[in-house]
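A note on names: the letters A, B, ... follow the listed sequences, proteins ahead of strands, and every chain is numbered from 1. In this text the structure is predicted, and so the values were computed from the model without any measurement.
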2 protein chains.
Amino acid sequence: MSNRTKSTPQAREPSETPRRAADRIRDTAFDLFYREGIRAIGVEEIVNRAGVTKPSLYRAFESKDELIAQYLRDYDRRFRDNFAAQGAGHPDDPKAQLLAYVDYLAARASTDGYRGCGLTNAVIEYPDPAHPAHQVGVESKEALRERLRELCRGMGAPDAEELADGLLLLIEGSYVSGQAFGARSPARVLGAMARRLIEASLATR
Amino acid sequence: MSNRTKSTPQAREPSETPRRAADRIRDTAFDLFYREGIRAIGVEEIVNRAGVTKPSLYRAFESKDELIAQYLRDYDRRFRDNFAAQGAGHPDDPKAQLLAYVDYLAARASTDGYRGCGLTNAVIEYPDPAHPAHQVGVESKEALRERLRELCRGMGAPDAEELADGLLLLIEGSYVSGQAFGARSPARVLGAMARRLIEASLATR
DNA sequence: CAGAGTACGTACCGATCGGTAACATTGTCA
DNA sequence: TGACAATGTTACCGATCGGTACGTACTCTG
């Protein structure tokens, strides 16, 4: 076990194609799993498209399941970053932060070829709660639920938990409807519905 | 013994296990596909659990894809029947009809082991629009969307299309959230949120 | 009772699945 | 130059995938 770090990490251009085999596999798996579905993609296809070989995959990942879990952890990280980035323009304004993401999602989920949320899709593809893909997906959704609750509390909602769950339903509905309806997706009304629900909920006493 | 009634195909003991091979396959496939996912279930497992053999499957169905499509058509039929049944107690009251289904769904989607909507799941499992599973799923969703629009028009909503899409988002969100959260699903607030959204939408002018 | 259909099972196919063993090659640093 | 880590090459494994050629048992009809 030598975890020796090179003192001169040079010639490391992130945009370059070759890179490390493990990274190429990770990126390729991310793209294929998300686009085509996890169960639809075999390890053979991943290594072929990544331009590497199967032993390289199994040197970097214990199994396909572990690669799947890694894909979903990557997806979760990107999701959180993006969620935060959308609201970054509205510090100290929870409602504006949430609406920024909601408007972003409404546009994105109403484009042809949209594939929804990789984490939601994984939970559906692996209904067994014991499967790592299911677990990572559920954990991410629980974190999203909690984040929405924080935002709703910040808005001063009388019942923040209830409003957060309502918004979560709208968001998850946008993920899946976008896949079924493409550019004419019901997700196009997500922004208007979220606003209406928020206003009505803030008005309750 | 005397069976002069060969023209009438009866002698049907509905509760009996053996029945015809094709029917057993259909029922078993329905259950397994819904419970475990379509891609997760092979034809071998279907015929084993149905107590028949593989050639019997391929005599009744052209291919696995055709069996899948049949499963989804069956699912769609049961869904429409159930949707209608939930609102049957409120003739000439579109809002009550819709809320009856919504309340039913809120309860069902908040039980452990809930597996969501088989049609939604199929669209996610088969993202390729050319695949029959995807197509049958999408067609069913379009019909549901239209049904919701009818109901919203019947309620006198100023923008029935918009409200229908909002309700569709809530409903689809309940399907998928139920799988991730089990008994503590956000779907428990579906009834309250649908009511709030409907009232707020009816009040717009 | 003969014979034709019908309904089903036995046994098998090639392809692909996830995963591995053994060895050759490369590039980097000392 | 030589050690070492990373990667490629090749060939393979048992299991399972969707799908089929072919033989057998039952039943209805003539």
Plane angle bin for A:F79 and A:F83 - parallel if under 30°, tilted between 30 and 60°, otherwise perpendicular: tilted
In whole angstrom, what separates B:L57's CG from C:dA7's P? 16 Å
Hydrogens and angles aside, do B:Q86 and B:D103 bring a side-chain donor and acceptor to less than 3.5 Å of each other? no
Closest heavy-atom contact between B:A157 and B:L163? CB-CD2, 3.9 Å
On DNA chain D, more 5' by nearest nucleotide between B:R59 and B:I38 is B:I38
Spacing between A:K64 atom NZ and C:dT16 atom P, to the nearest angstrom: 15 Å
Could you tell me whether the phosphate oxygens of C:dG19, OP1 or OP2, come under 4.0 Å of any side-chain nitrogen or oxygen in A:Y58? yes
Take atom CZ of B:R39 and atom P of C:dC17, then tell me their distance rounded to the nearest Å. 11 Å
Contact class for A:L67 (heavy atom, under 4.0 Å): base, sugar-phosphate, or nothing? nothing
Are B:I25 and B:S56 close enough that some pair of their side-chain heavy atoms sits under 4.5 Å apart? yes
If we ignore angles and hydrogens, is there a donor and acceptor under 3.5 Å between the side chains of A:D93 and A:Q97? no
Can you classify the ring geometry of B:Y75 versus B:Y34 as parallel (below 30°), tilted (30 to 60°) or perpendicular (above 60°)? tilted
Separation of B:R20 atom CZ from C:dG9 atom C1', in whole Å? 16 Å
Residues within residues 42-56 of chain B bordering DNA chain C, heavy-atom distance below 4.0 Å: B:G51, B:V52, B:T53, B:P55, B:S56
B:E66 CD - D:dG19 P separation (whole Å): 11 Å
note: B:I41, atom CD1; D:dG18, atom C1'; distance rounded to Å ~ 14 Å
If I take atom CZ in residue A:F61 and atom C1' in nucleotide C:dT20, what distance separates them, rounded to the nearest angstrom? 18 Å
